[in-house]
Structure formats: structure tokens, C-alpha cells
2 protein chains.
Amino acid sequence: MAEKNATIYDIAKLAKTSTATVSRVLSNNGYPVKEELKQRVLEAARKLNYTPNLLGRQLKTNESLDIGIIIPSITNQFYPLLLLGVEDVARKKGYNVLLCNSLRKPENEKKYLSTLFQKQIKGIIISSITKNQDYLKQLQQKGLKIVAFDQGISLDCCKISFDFYAGGYMAAEHLIKLGHRKIAFLSAPLTRYSRIQIYEGFMQCMKDNGIEQSQDYIILSEDEEESHDQVYEFKNGKYLVNKLLGSGKPIPTAIFCINDMTAFGAIQELTKNKIYVPKDISVMGFDNIPTSEMITPSLTTVDQSAYEMGALAAEMLINNLESSSERSIEIVLKPKLVVRNSTKKLMANDTSIYFFL
Amino acid sequence: MAEKNATIYDIAKLAKTSTATVSRVLSNNGYPVKEELKQRVLEAARKLNYTPNLLGRQLKTNESLDIGIIIPSITNQFYPLLLLGVEDVARKKGYNVLLCNSLRKPENEKKYLSTLFQKQIKGIIISSITKNQDYLKQLQQKGLKIVAFDQGISLDCCKISFDFYAGGYMAAEHLIKLGHRKIAFLSAPLTRYSRIQIYEGFMQCMKDNGIEQSQDYIILSEDEEESHDQVYEFKNGKYLVNKLLGSGKPIPTAIFCINDMTAFGAIQELTKNKIYVPKDISVMGFDNIPTSEMITPSLTTVDQSAYEMGALAAEMLINNLESSSERSIEIVLKPKLVVRNSTKKLMANDTSIYFFL
DNA sequence: GTGAAAGCGCTAACAC
DNA sequence: GTGTTAGCGCTTTCAC
């Protein structure tokens with residue numbers, strides 16, 4: 001079956017010319033070739049059903065039109081959108097994107113980095129989950145261009161980041177403006193930079209509005225995310241609501257969740273306990289993943305503009321690749337409030353709802 | 001900065017041996033090399049901070065550890081799960097996955113196919129959106145192994161498919177068993193194989209249960225999906241519910257939606273019209289994407305086992321690649337009913353709910 | 001304009 | 001066991 005693929009050598013033979021000429025015609029680089037010869041080459045290529053072998057070319061030119069992207073997991077709804085942004089830009093500029101999911105495992109991340117580099121890729125976009133950046137640095141010294149979109153990273157490279165602090169502040173502000181003062185903060189452990197920043201922004205806003213946040217309303221789970229559970233955050237939301245309700249403290253009038261998935265879990269568990277959103281309680285998320293629009297009630301949240309992030313990262317990387325500038329710049333994206341139906345103005349008498357479970 | 005990468009030639013020089021020996025040591029293929037020399041080579045490689053160039057090897061061996069996958073869009077929640085299945089299997093077998101999103105554009109699909117092939121990839125998994133399979137066939141004849149997971153495809157290749165008909169039947173059956181007889185069917189135009197099959201399974205089940213499905217309860221939208229709108233199906237669900245409510249016909253007691261996203265839209269629009277799920281009406285979806293578990297009420301649906309589909313496809317492809325068998329086999333996956341909270345038993349008096357809007 | 005030939009980094013006969 | 005060398009498919013210098 002698999003007949004051996006034709007090469008430029010075969011074409012040269014058939015067109016009675018040299019491989020040099022064939023290469024000039026087919027790579028279409030503007031090198032002057034007489035029209036008649038050109039046509040003969042093209043004709044021969046067509047006849048032989050020629051497909052170029054990119055490996056040969058790349059080995060020779062040492063140029064690559066591939067860029068890599070390493071993310072924790074494509075099953076986290078945030079990343080497909082980001083990837084879309086990366087791909088749209090890459091496609092426009094003639095690049096291909098090689099996606100790698102580290103699944104939050106440092107060994108996977110390292111393996112993918114190594115493979116990408118061995119494939120002679122010249123640039124990557126990465127959300128690194130590795131504490132130790134020695135390997136990345138090593139590759140960087142070997143000429144790999146890196147754009148990171150993960151604040152934690154200490155590496156000196158281009159970065160695209162997000163102002164989580166402002167996002168947390170903004171969320172609190174929205175709820176406070178609606179009249180809420182008893183606002184619970186639900187989150188997985190504050191172990192990541194992003195979570196900590198959101199928390200601090202949130203707390204600062206409460207403080208700025210003269211609200212003393214009670215420790216009873218800061219509900220954190222104990223265990224860190226497991227790498228393979230796609231709905232961990234969702235389950236965590238349910239868990240945290242149960243923890244809140246079980247505490248015996250008065251129910252807050254609003255809940256701010258560290259991300260949308262947690263909010264979905266919270267809403268489901270609240271509803272199960274006959275506490276309805278937004279009638280009895282307002283709930284906010286963070287991220288603005290596509291699902292947040294599709295649940296009922298639709299979720300008020302803070303947009304992280306994943307698509308834009310991806311597009312900017314790709315833009316940055318490709319510019320860097322093509323201009324080979326060594327400047328490390330950082331772009332910080334600002335949050336946007338997305339008001340939907342899961343939050344509402346606090347009515348005067350709402351403040352007196354007390355549940356003791 | 002970017003110091004030139006060391007090659008096996010440099011190592012040979014430093015270790016005072018030949019490139020052949022270096023290759024034998026580094027490619028670790030069990031070829032006998034004296035321990036002492038081996039160590040010298042390894043030492044030299046370490047010293048030079050050597051990274052192999054995969055291109056050189058691949059060009060020489062004409063073997064590839066990459067497989068490609070072409071899907072319509074990673075932003076459709078069904079595919080990340082499928083991709084996860086593909087990647088898990090690929091990783092286990094030492095393969096890398098190259099993802100391509102066609103965005104439902106035939107020209108993109110063709111471009112990606114061509115690029116993958118030029119990169120000397122030997123096998124792909126594809127959900128083709130192209131009517132004309134000539135190009136695929138051409139590549140197949142050139143030796144590309146193909147696994148399709150898309151029923152429409154007429155190409156003679158390995159396939160992994162899903163029994164949509166049984167799924168449609170199963171959905172209807174579930175609702176009928178709950179006592180429903182007035183069941184609306186909501187869908188985008190019945191232009192794709194999968195939709196048609198689901199529809200026919202649904203209708204057959206109605207018939208088998210002696211229920212004559214009224215045309216008034218078959219609600220289809222007129223326009224085909226736009227390639228770039230990630231929430232098209234969701235919006236379509238809202239649109240279809242409005243069409244149903246606006247028809248002036250008695251409201252059905254249950255709605256079956258062609259997929260989960262449509263169901264999310266339907267639920268949101270029903271709720272907006274103060275028709276509550278599942279109290280006033282039962283709603284079912286199809287696909288079992290992750291979100292269906294996270295909405296409130298959680299969605300009763302038919303599982304398409306995306307992960308399994310991906311894993312099987314990868315397994316099939318890699319086996320094919322390694323055994324180079326020419327047999328085209330097809331695996332048909334069966335649906336699973338996932339009962340959650342959006343459907344409930346029809347109460348005697350529910351049948352009398354009539355709304356005229 | 002065109003062709004001969006070197007060589008990108010690697011592997012695998014083949015010779016010793 | 002080890003080294004020499006041809007060559008995978010391509011581009012590009014250099015000579016004509």
C-alpha cells in the first residue's frame with residue numbers, strides 16, 4: 001500500500017532539472033526561475049503526487065513554525081478558551097500550536113518541555129506548576145523563548161498575568177454595593193498565588209468599607225486539589241457550604257466563591273438545603289467560564305478574559321520569536337465584573353434571616 | 001545567548017570515540033558497548049549539556065511517536081474529555097498527541113491534515129467535518145492510518161462510533177416510564193447523522209409505547225450552527241423554548257433536548273417564564289458533559305462516554321500503527337442513562353397544566 | 001537562471 | 001565492540 005513518497009530528487013529527475021531548482025520552485029521563495037522550467041517542475045510534482053517532508057527542511061534551516069503550550073489541564077474550562085486565543089493568533093501568523101497537558105504533575109511538565117525542545121521548537125507558552133524553575137531556565141539559556149502566564153513564576157521572561165487582587169476587591173465591592181455585609185468567602189486552601197491575591201483583595205475591600213470580616217465566614221477546605229478530579233472544585237463548593245451551614249453561625253446574606261466551579265457546587269448544595277439563590281442568598285464566582293452563563297440562575301462573576309490572555313501570550317511569543325528581542329515584558333490584565341442573576345440587592349428584612357441547623 | 005547545541009559529533013570528539021558509538025549509547029537500544037566507553041560518552045554528553053535533535057533521528061529512521069487528532073473545537077465541552085482519553089493512552093504507550101481544531105471549517109481541516117502529514121505523522125484520529133473524503137483517502141493511500149469517530153464518514157477505515165439511535169430511544173423510554181406522554185423534542189436542524197439517529201430512536205420509542213408524537217412537539221431551529229459561537233446550542237435552547245411556548249399549544253410535561261447545552265438554555269428560559277424544572281416540567285439532555293452535573297437541578301441525560309471513546313480510539317490507532325494490520329474495524333459504543341434531578345415522575349394532576357402565553 | 005555539491009543531526013549497514 | 005561512511009529530504013552557497 002504505502003508507496004514510497006516522492007522527494008524533490010524524483011521531481012528533478014522527472015522534470016529533467018536539478019534538486020536546487022525544484023526546491024526553489026516549491027519553496028516559493030521568490031528566487032527567479034524561468035517560467036517554463038517552473039511549470040515543468042510543478043507539473044512533475046503534481047504527477048508524482050508530491051508532499052514535502054518538513055523534517056528535511058527543518059533540519060536544514062533550523063527554523064520552526066511550531067510553538068508549544070503547556071497547561072495544567074484542558075478539562076478545566078478556563079483553558080480551552082485560552083487555547084482558542086493562542087490558536088487564532090498562531091493560525092493568523094502561520095504557526096502551529098502543540099498542546100501539552102501537565103495534569104499538574106511536575107514530571108509530566110518536564111517531559112513535555114524536553115520533548116518540545118528536542119523537536120526544535122523555539123518558543124513556548126507555559127503555566128508552570130513546578131516550583132523549581134531550573135530546567136526552564138536551562139532551556140531558556142539554550143535559546144528557548146518563554147511566555148509565562150502564571151504569577152508564581154520567578155523566571156525572568158515575558159509574562160502575561162492577571163490582577164487577581166483587583167478581582168477580589170471588585171467582587172467584594174459589588175456585593176457590598178448591593179447592601180451585603182455578611183459575606184462568606186469560600187475557597188480551597190490559600191496555597192496558590194491567585195487564591196491568596198483574590199483573598200487579600202476581598203479582605204481589603206471589606207476593610208475599606210468598614211466591615212470587619214468574621215473568621216467564621218472564611219471557609220476553607222483542608223485538602224489540596226487532586227490532580228485528576230475534574231470536578232474537585234465543584235465538590236469542594238458543596239463541602240464548603242455544608243461546613244458553613246453546619247457551623248451554627250447565622251447564615252450570611254452573600255457568598256463569594258474563589259472560582260465559578262466552587263460557586264456551582266455551593267448553589268447546588270444551598271438549593272438542596274432549601275436556601276434559594278438569589279432569593280435567600282447571593283452567590284458570586286470568579287473566572288467567568290462558559291458554564292457560568294448557562295446555569296440557572298446565571299452566575300455573577302469576575303471575568304478573567306481567558307481568550308484575550310491566550311491571544312496576547314501568542315502575540316508576545318511570536319513577536320519575540322521574529323524580532324529575537326531579549327526584552328522581558330509583563331502584561332497585567334484587569335478584571336471585569338460580570339453581573340448576572342445570582343446576586344441581588346439585599347432587602348431590609350433579609351438581614352434578619354437566621355438559620356440554625 | 002543561544003549557544004549552539006551540541007551534537008553527537010561533539011560528544012564523539014570529546015569522548016574520543018565515533019558518532020556511531022555515541023548514537024548507540026544515547027539511543028539506548030541495547031547495542032553492546034563496553035561499560036567504560038559508555039560512561040565516557042555519557043559523561044561527555046552531560047558535560048556538553050547535550051539535547052538530542054529529534055528531527056535528525058526521525059529523518060533517518062522515518063518513524064514517528066506522534067499521533068494527530070483533529071476535532072471541530074476544543075471549546076465544545078465534549079472534546080476535552082475525549083482528548084484526555086486519547087492522551088492518557090498515548091502517554092502510556094510513549095506517544096505524543098498533536099491537537100488540531102478545525103473550527104468546523106473544511107479548509108482548516110485540510111490544512112491541518114496536510115501539515116500533520118508533512119510532519120511525517122503516521123496516524124491520526126479524526127472527527128471530520130468535510131463532506132468530500134477524497135483528500136483523506138489520498139493520505140490513507142500514502143500510508144496514513146486513520147481512526148474516525150464520526151459516523152457520517154464513508155471512508156473505509158477504523159471507526160469508533162456511538163449508538164445514537166439507542167440513546168434517543170433510551171431517553172424517550174426514561175421519560176415515558178416516568179409517566180410522560182406529552183414530550184417535546186427540541187433540536188437544531190436535523191442535518192447531522194447523530195441528530196437524525198437520536199431523533200429516530202426517540203420517535204421509535206414513542207411509537208412502540210403507543211404514543212403518537214404530535215408535530216407540534218417537534219421543535220427545530222431553522223439556522224445551522226455558526227462555527228465560532230461557543231454557546232450556539234445554549235442560545236438555541238432558549239430560542240426553541242420560546243418557540244414552543246409561543247405556539248399556543250398546551251405545554252408538554254417533558255422536554256427532550258438534542259444535547260446538554262440545548263437543555264441548559266431550555267431550562268433557563270423555562271425558569272424565566274416561571275415554569276420550574278423539574279416541578280412543572282421534566283427536561284432531559286444528551287451527552288453528559290461535565291456541566292450537566294453542576295447545574296441546579298442537575299441534568300438527567302444520556303452519557304456518550306467521551307473519555308472512553310478517546311481512549312479506545314487511541315488504543316486502536318496505536319495498535320494499528322505498531323502491528324501495521326490493514327483490518328478496518330468499527331467499535332460501536334452504547335449509551336448509558338444518567339438519571340439526575342431534572343426529570344421526575346409525572347403526578348396525576350400535572351397533565352392538566354395548560355399555559356397559554 | 002541553473003546545477004553541483006555540501007551538510008543540517010542522526011542511525012545503521014558494513015567493515016574490521 | 002568499535003569506527004567509517006552513506007544517506008534520510010531538504011536548502012543554499014558557490015560556480016558557471
Side-chain angles (χ1 to χ4, degrees), chain A residues 2-42 44-45 48-65 115 117-122 142-143, chain B residues 2-42 44-45 48-65 115 117-122 142-143:
Chain A
E3 10 159 331
K4 205 160 152 351
N5 233 314
T7 71
I8 52 167
Y9 182 77
D10 302 318
I11 299 179
K13 220 163 39 181
L14 184 63
K16 299 205 191 310
T17 177
S18 71
T19 58
T21 301
V22 174
S23 171
R24 286 176 191 134
V25 172
L26 296 179
S27 61
N28 210 21
N29 55 5
Y31 199 97
V33 175
K34 231 184 220 148
E35 189 57 26
E36 192 252 354
L37 218 196
K38 192 172 183 172
Q39 288 310 324
R40 236 168 53 220
V41 169
L42 257 21
L48 293 173
N49 201 358
Y50 173 75
T51 337
N53 181 331
L54 245 42
L55 264 35
R57 169 190 302 208
Q58 235 192 285
L59 184 59
K60 178 70 188 173
T61 61
N62 194 26
E63 282 167 2
S64 174
L65 286 177
T115 307
F117 191 68
Q118 291 182 201
K119 283 185 179 166
Q120 307 305 113
I121 272 191
K122 307 301 181 199
K142 285 189 174 188
Chain B
E3 7 157 333
K4 204 160 153 351
N5 233 313
T7 71
I8 52 166
Y9 182 76
D10 302 318
I11 298 178
K13 219 165 40 183
L14 185 61
K16 299 205 190 312
T17 177
S18 69
T19 58
T21 301
V22 174
S23 171
R24 296 201 260 257
V25 172
L26 296 178
S27 59
N28 210 20
N29 53 6
Y31 201 97
V33 175
K34 230 186 222 149
E35 191 55 28
E36 192 252 354
L37 218 197
K38 193 171 181 173
Q39 288 311 324
R40 234 165 58 217
V41 169
L42 257 23
L48 294 172
N49 202 357
Y50 172 75
T51 339
N53 182 331
L54 246 39
L55 264 35
R57 168 191 303 210
Q58 236 192 283
L59 184 57
K60 176 69 187 173
T61 61
N62 194 27
E63 282 167 3
S64 173
L65 286 177
T115 307
F117 191 68
Q118 290 182 201
K119 283 185 179 166
Q120 307 306 112
I121 270 190
K122 306 302 179 199
K142 285 189 174 186

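A quick note: this is a predicted structure, and the numbers were derived from the prediction, not measured. Sequence lines set the chain letters: A, B, ... in the order given, protein chains first and strands last, and positions in each chain run from 1.
Distances were taken from every side-chain heavy atom of A20(A) (C-beta onward) to each of dG1(C), dT4(D), dG3(C); the shortest belongs to dG3(C). Taking the side chain of S27(A) as heavy atoms from C-beta on, and the options dT11(D), dT2(D), dT5(D), the nearest nucleotide is dT11(D). Of the candidate nucleotides dT5(D), dC10(C), dA5(C), dC10(C) has the atom nearest to the side chain of P52(B). The side chain of K60(A) sits closest to dC8(C) out of dC10(C), dC8(C), dA12(C). Checking dG3(C), dG3(D), dT11(C) against every side-chain atom of S18(B), the shortest atom distance belongs to dG3(D). For L37(B), the listed nucleotide lying nearest its side chain is dG3(D); candidates were dC10(D), dG3(D), dT11(D).
Between the C1' atom of dA5(C) and the CZ atom of R24(A) lies a distance of 12 Å, rounded to the nearest Å. Between N28(B) atom CG and dC10(C) atom C1' the separation is 16 Å, expressed in whole Å. Distance K119(B) NZ to dC8(D) C1': 19 Å, rounded to the nearest Å. Straight-line distance from the CG atom of N62(A) to the P atom of dC10(C): 12 Å, rounded to whole Å. The CZ-C1' distance, from F117(B) to dG9(D), rounds to 14 Å in whole Å. Rounded to whole Å, atom P of dT2(D) lies 10 Å from atom OH of Y31(B). Atom CD1 of I8(A) and atom C1' of dG7(C) are 13 Å apart (whole Å). Between L65(A) atom CG and dT11(D) atom P there is a gap of 13 Å when expressed in whole angstrom units.
Comparing V33(B) and L54(A) by the nucleotide of DNA chain D whose heavy atom lies nearest to each, the residue mapping closer to the 5' end is V33(B). If E63(B) and L59(A) are placed on DNA chain C by their nearest nucleotide, the residue sitting closer to the 5' end is L59(A). Summary of the strand contacts: T19(A) and K34(A) both lie near DNA chain C, and taking for each the nucleotide with the nearest heavy atom, the more 5' one is attributed to K34(A).
When the side-chain nitrogen and oxygen atoms of Y50(A) are compared with OP1 and OP2 of dC10(D), one or more of them lie within a distance under 4.0 Å. Checking the phosphate oxygens (OP1, OP2) of dT11(C), a side-chain nitrogen or oxygen of R57(B) falls inside 4.0 Å. Of the side-chain N and O atoms in T17(B), one or more sit less than 4.0 angstrom from OP1 or OP2 of dG3(D). A close approach under 4.0 Å does occur between a side-chain nitrogen or oxygen of T21(A) and OP1 or OP2 of dG3(C). Phosphate proximity of dT11(C) to S23(B): present, with a side-chain N or O under 4.0 Å from OP1 or OP2.
Here the options are T17(A), T21(A), V25(A), the test is side-chain contact (heavy atoms from CB on, under 4.5 Å), and the partner is K38(A); only V25(A) passes.
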>> For a side-chain contact (heavy atoms from CB on, under 4.5 Å) check, start with the C-alpha distance between N62(A) and K122(A), then their side-chain angles and the critical distance, and finish with the verdict.
In response: CA-CA 10 Å; N62(A) 194 26; K122(A) 307 301 181 199; 3.0 Å; yes

>> Show, in sequence, the C-alpha distance, side-chain angles and deciding distance for N53(B) and L59(A), and conclude whether the side-chain contact (heavy atoms from CB on, under 4.5 Å) test is met.
In response: CA-CA 9 Å; N53(B) 182 331; L59(A) 184 59; 4.1 Å; yes

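Considering all non-hydrogen atoms of both residues, A44(A) and I11(A) come closest at CB-CG2, 3.8 Å. Summarising the geometry of Y50(A) relative to K142(B), their closest heavy-atom pair is C-NZ, 4.2 Å, with the distance given to 0.1 Å. Looking at every heavy atom in both residues, Q58(B) comes nearest to Q120(B) through NE2-CB, 4.0 Å.
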